[in-house]
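Report on one structure; see the data block that follows.
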Amino acid sequence: MKAALRLGLIYWAVLLLVFALGHRNQVEKEANARLARELQALEAQKAALVMEKWRLLRPERLLAWAEEEGFVPMSLGRWSR
């Protein structure tokens, strides 16, 4: 009877350990999936910012901005502001 009780306790302890490890694995898997989604969103945001930077730094856009601010090209040989 003592052997059966001992084996029963060992069985329940192992079962509880397997349950705890499985639960921990599921929590970590969900956290990793959430981090992967965050990383994907940040990469999309980075790509959008790079495209915006490229759009704003095009030579014709810079020239238009400079003319609006009162700057003139150095090739004209004068400084103005």
Side-chain angles (χ1 to χ4, degrees):
M1 184 67 179
K2 286 184 181 181
L5 186 58
R6 204 174 302 142
L7 286 175
L9 287 174
I10 291 173
Y11 173 77
W12 281 106
V14 169
L15 193 62
L16 184 62
L17 179 66
V18 168
F19 173 77
L21 289 176
H23 178 66
R24 180 174 170 252
N25 188 25
Q26 287 179 346
V27 169
E28 286 184 1
K29 184 178 179 182
E30 180 58 35
N32 286 341
R34 182 178 43 83
L35 288 174
R37 287 190 303 268
E38 256 182 67
L39 181 62
Q40 189 176 18
L42 287 173
E43 286 175 350
Q45 184 181 8
K46 179 183 173 185
L49 288 172
V50 167
M51 291 301 292
E52 180 70 12
K53 175 186 170 188
W54 177 83
R55 187 183 67 79
L56 290 174
L57 293 179
R58 289 190 327 238
E60 58 273 3
R61 174 68 182 109
L62 282 175
L63 181 61
W65 172 83
E67 289 173 349
E68 289 171 7
E69 293 293 317
F71 295 104
V72 295
M74 288 180 65
S75 61
L76 296 179
R78 58 189 165 96
W79 291 82
S80 163
R81 178 91 166 97

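The first residue of the sequence shown is numbered 1, and numbering continues consecutively from there. Side-chain atoms are counted along with the backbone in the values below, which use heavy atoms only and exclude waters and symmetry mates.
Sorted by first and then second residue, the side-chain hydrogen bond (donor to acceptor under 3.5 Å, both in side chains) pairs with a member in residues 15-31 read Arg24-Glu28; sequence neighbours excluded.
Heavy atoms of other residues, nucleotides or ligands lying less than 6.0 angstrom from CD of Glu52 number more than 12.
Residues Leu57 and Leu62 share a closest heavy-atom pair of O-CD1, 3.8 Å.
Atoms NZ and NZ, on Lys53 and Lys46 in that order, are 11.0 Å from each other to the nearest 0.5 Å. Summarising the geometry, atom CG belonging to Leu49 is positioned 10.5 Å from atom CG belonging to Leu42; distances are rounded to the nearest 0.5 Å.
In this structure, Glu68 has no side-chain contact (heavy atoms from CB on, under 4.5 Å) partners at least two apart in sequence or on a different chain.
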Give every donor-acceptor pair under 3.5 Å between a side-chain atom in residues 6-19 and any protein atom, sequence neighbours left out.
none

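Using a 4.5 Å heavy-atom cutoff, the side chains of Glu67 and Leu63 are in contact.
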